[in-house]
Structures are given as C-alpha cells and as structure tokens.
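Down below is the structure, laid out as structure tokens.
Computation of the quantities below employed the complete heavy-atom set of this structure, encompassing side-chain atoms and omitting hydrogens, waters and symmetry-equivalent molecules.
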There are 2 protein chains.
Amino acid sequence: MTDNEVVTTWRELSARHAAIVSDLERELQDRHELGVSEFEVLDRLVEGVCLSADGKFRVQELAAGVSLSQSALSRLIARLEKAGFVLRSMCADDRRGVFVTLTDAGRIRHSEALPTQRRVLREHLASTPQG
Amino acid sequence: MTDNEVVTTWRELSARHAAIVSDLERELQDRHELGVSEFEVLDRLVEGVCLSADGKFRVQELAAGVSLSQSALSRLIARLEKAGFVLRSMCADDRRGVFVTLTDAGRIRHSEALPTQRRVLREHLASTPQG
DNA sequence: ACGCATTAAATGCTTGTGCATTGAATGCAT
DNA sequence: ATGCATTCAATGCACAAGCATTTAATGCGT
C-alpha cells in the first residue's frame with residue numbers, strides 16, 4: 001500500500017465517519033433528544049444486561065466500548081443520571097468504584113431510539129461492498 | 001447485509017477512526033504543535049496550490065475538504081493566521097469572500113508535520129486488506 | 001434606483017471534551 | 001499497623017465545536 005493509497009483510505013474513512021456521525025447526531029437529537037455518545041452508552045448498558053447478572057457496570061467497563069476520556073464519560077453518565085436514564089450506586093466490594101444501572105426510562109428511551117440508529121446506519125452502510 | 005452486520009461495521013469504523021484520530025492528535029501536537037484539523041486545513045491549502053493559479057482559497061472552498069461547521073472553520077483559520085501559517089485577505093471580485101493563503105511558515109510547518117501524519121496513518125492502515 | 005431575499009464570513013453563547021488535579025479507597029511492603 | 005504508590009471516579013479549567021445571530025456585500029425584481 002503506497003502512502004497515497006493510505007492517505008486516500010484515511011480520507012474516505014474520515015469523511016464517511018463524519019457523515020454518519022452528523023446524520024446520527026441530527027436524527028437522534030431531533031427524534032429522541034439523545035446525543036450519539038449518550039445513545040452509545042445506553043446501548044452498551046442494554047447489551048450488557050444479557051451478559052452481566054445484575055446489569056450493573058463499573059464506569060470503567062463502559063469506557064472500553066465508548067471512545068471517550070474518563071472525564072467525559074464521568075460527565076456523560078452524570079447527564080444520563082440527571083435525565084433519569086441511569087442510576088449511580090456505590091459498589092460494596094470496592095468503594096472507589098461506581099455501578100451504573102439502566103432505569104426503565106433509560107431502557108424505554110433506548111428502545112425508541114434504536115430503530116432510528118439502525119435506519120441511519122443502514123442508509124450509510126448497507127449495500128456497500130466492504131462497509 | 002443484516003442489521004447486526006451493519007452495526008458491527010459501524011462499530012469497527014468508529015473505533016478505528018477514534019484510534020487514528022487519537023494517535024494523530026497526540027503525535028501532531030507533541031511533535032509539531034498542530035491539531036489534526038489545523039493540519040488538515042494546511043494540507044488542503046498545500047494541495048490546492050497545485051490546482052489554483054495563485055494559491056488562494058475562499059473559506060468556503062476549504063470547508064468542502066474538512067468536516068467542520070462554517071463557524072469552526074472560521075475560527076480555525078483565525079488561529080492559523082494568529083500562528084502565522086496563513087494570511088486572510090479580501091477578494092476584490094466579491095468583497096464578502098475571504099481569501100486564505102499559505103505563508104512560508106505555514107508551508108514549512110506542514111512539510112515538517114507531513115511525515116509524522118503519514119507514519120501514523122501507515123501504522124494504522126497499511127497492510128490491512130480493505131483499509 | 002430601491003427594497004428585499006440571499007450569501008459569505010465573523011461572533012455571542014452554550015455545551016461537550018480532554019488534561020491535569022483532587023479526593024477517596026485499596027493493596028502492598030515493611 | 002503504617003506508610004506509600006496505585007486506582008477509581010469526580011472536578012477545575014481551558015478550549016474547540018455547533019447553533020443561532022449579526023454584519024456586510026451581492027444580485028434580483030420591480
């Protein structure tokens with residue numbers, strides 16, 4: 001792969017990403033009052049319920065899925081809590097940690113927003129050979 | 001392409017983009033005191049010199065290449081000008097427009113940063129089948 | 001020529017992000 | 001047990017981004 005090919009690939013990747021994020025942001029915001037990052041965190045929480053026994057997550061565990069700094073994630077969770085979509089609770093075994101749990105409202109909002117996200121992603125990514 | 005495949009594709013695209021931007025940001029900032037967006041604008045200007053007669057660009061024309069809002073681009077150019085990398089000048093034919101031109105300092109800084117950018121991109125993108 | 005909608009770019013304002021720091025809890029070594 | 005480095009999450013701070021608005025210039029219709 002030549003440098004020029006690498007640069008071209010990067011620009012395509014970058015442009016595609018920007019276009020999708022832009023669309024997602026607009027649609028999720030307008031229809032469900034959710035930012036892309038907010039939705040993604042809810043999404044991880046919903047997915048995780050299947051995996052975890054009690055549906056509790058350390059903030060740290062959520063960080064893995066979302067590409068955000070620790071501080072950004074901390075504030076994002078604070079916003080979600082303020083909106084009533086998650087609860088924060090101390091964890092007994094390590095009192096530095098914080099458990100994040102979905103509320104019913106959070107689950108509902110996520111389920112409402114999910115089709116919108118899927119639709120936007122499909123519009124951009126479906127029917128293209130390598131994504 | 002199923003919805004699950006679409007979502008998987010999106011997450012990969014997203015994660016890859018985040019990783020590259022993160023690396024680029026750190027390397028360009030540490031080594032050349034340039035942000036990713038700053039570098040990209042300089043990059044478009046350098047490329048454009050070959051295409052345009054006088055190397056002058058309307059702000060609007062630059063917006064096409066970079067995925068930034070009009071206001072963000074306006075301030076970015078203001079920063080570049082403050083740093084001495086570009087000049088802004090009125091254009092005679094349409095006095096609403098603004099011409100942006102690279103300075104020598106801008107050209108030099110770009111040429112210094114270019115290998116760094118290429119290296120980071122290569123580290124991430126080279127040798128992968130579909131980029 | 002005049003008014004009016006339109007366009008280019010800059011700016012006020014709000015918000016989200018990252019870096020660095022802080023505060024608290026943990027664990028490990030002595 | 002005590003001290004010290006480490007880890008988790010929150011917070012102060014600075015800055016960049018987007019939206020909405022503003023200012024200035026243009027062009028079109030009458």
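Sequence order on DNA chain D of the closest nucleotides to B:S37 and A:S71 puts A:S71 first from the 5' end.
A continuous path of Ile, Leu, Val, Met, Phe, Trp and Tyr side chains, each step under 4.5 Å between heavy atoms, connects A:V66 with B:L13, placing both in one hydrophobic cluster.
In this structure, CZ on B:R96 lies 13.0 Å from CE on B:M90, to the nearest 0.5 angstrom. In this structure, CG in B:L24 is found 5.5 Å from CG in B:L121, a value given to the nearest 0.5 Å. Separating the OG1 atom in A:T2 from the CZ atom in B:R122 is a distance of 10.5 Å, to the nearest 0.5 Å. Taking CD of A:Q70 as the start and CD of A:Q60 as the end, the distance is 9.5 Å to the nearest 0.5 Å. For the atom pair A:R26 CZ and A:D23 CG, the distance stands at 4.5 Å (nearest 0.5 Å).
Using a cut-off of 4.0 Å between Lys/Arg side-chain N and Asp/Glu carboxylate O, B:E112 and B:R109 are scored as salt-bridged.
Counting distance only, with no hydrogens placed and no angle test, the side-chain atoms of A:Q70 and the base atoms of D:dA10 include a donor-acceptor pair under 3.5 Å.
Contact check of residues 26-34 of chain A against DNA chain C (heavy atom, cut-off under 4.0 Å) returns no residues at all. Residues from residues 73-83 of chain B lying near DNA chain C, meaning a heavy-atom separation below 4.0 Å, are B:S74, B:R75 in numerical order.
Distance alone, capped at 3.5 Å, is enough to place a donor-acceptor pair between the B:E81 side chain and the B:R88 backbone. B:T9 places a side-chain N or O within donor-acceptor distance of the main-chain N or O of B:E5, the cut-off being under 3.5 Å.
Proximity of B:H32 to B:F39: side-chain heavy atoms (C-beta onward) are nowhere separated by under 4.5 Å.
Heavy-atom contacts of chain B under 4.0 Å fall on DNA chain C between two terminal nucleotides, which in 5' to 3' order are C:dT7 to C:dC13.
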Next on the checklist: Quick one, A:R119 with A:E123, criterion salt bridge (charged side-chain N to carboxylate O under 4.0 Å, His left out). Give me CA distance, side-chain angles, the key distance, then yes/no.
Outcome noted: CA-CA 6 Å; A:R119 177 177 52 74; A:E123 287 167 3; 3.0 Å; yes
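The side chain to side chain contact (heavy atoms under 4.5 Å, CB included) test applied to A:A63 returns A:L73, not counting sequence neighbours. Here B:E33 pairs with nothing under the salt bridge (Lys or Arg N to Asp or Glu O under 4.0 Å) rule; sequence neighbours left out.
Between A:R58 atom CZ and D:dA10 atom C1' the separation is 15 Å, expressed in whole Å.
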Nucleotides 22-28 of chain D: which of its N/O atoms have a protein N/O under 3.5 Å away?
| residue | atom | partner | partner atom | Å |
| --- | --- | --- | --- | --- |
| D:dT26 | OP1 | B:R95 | N | 3.2 |

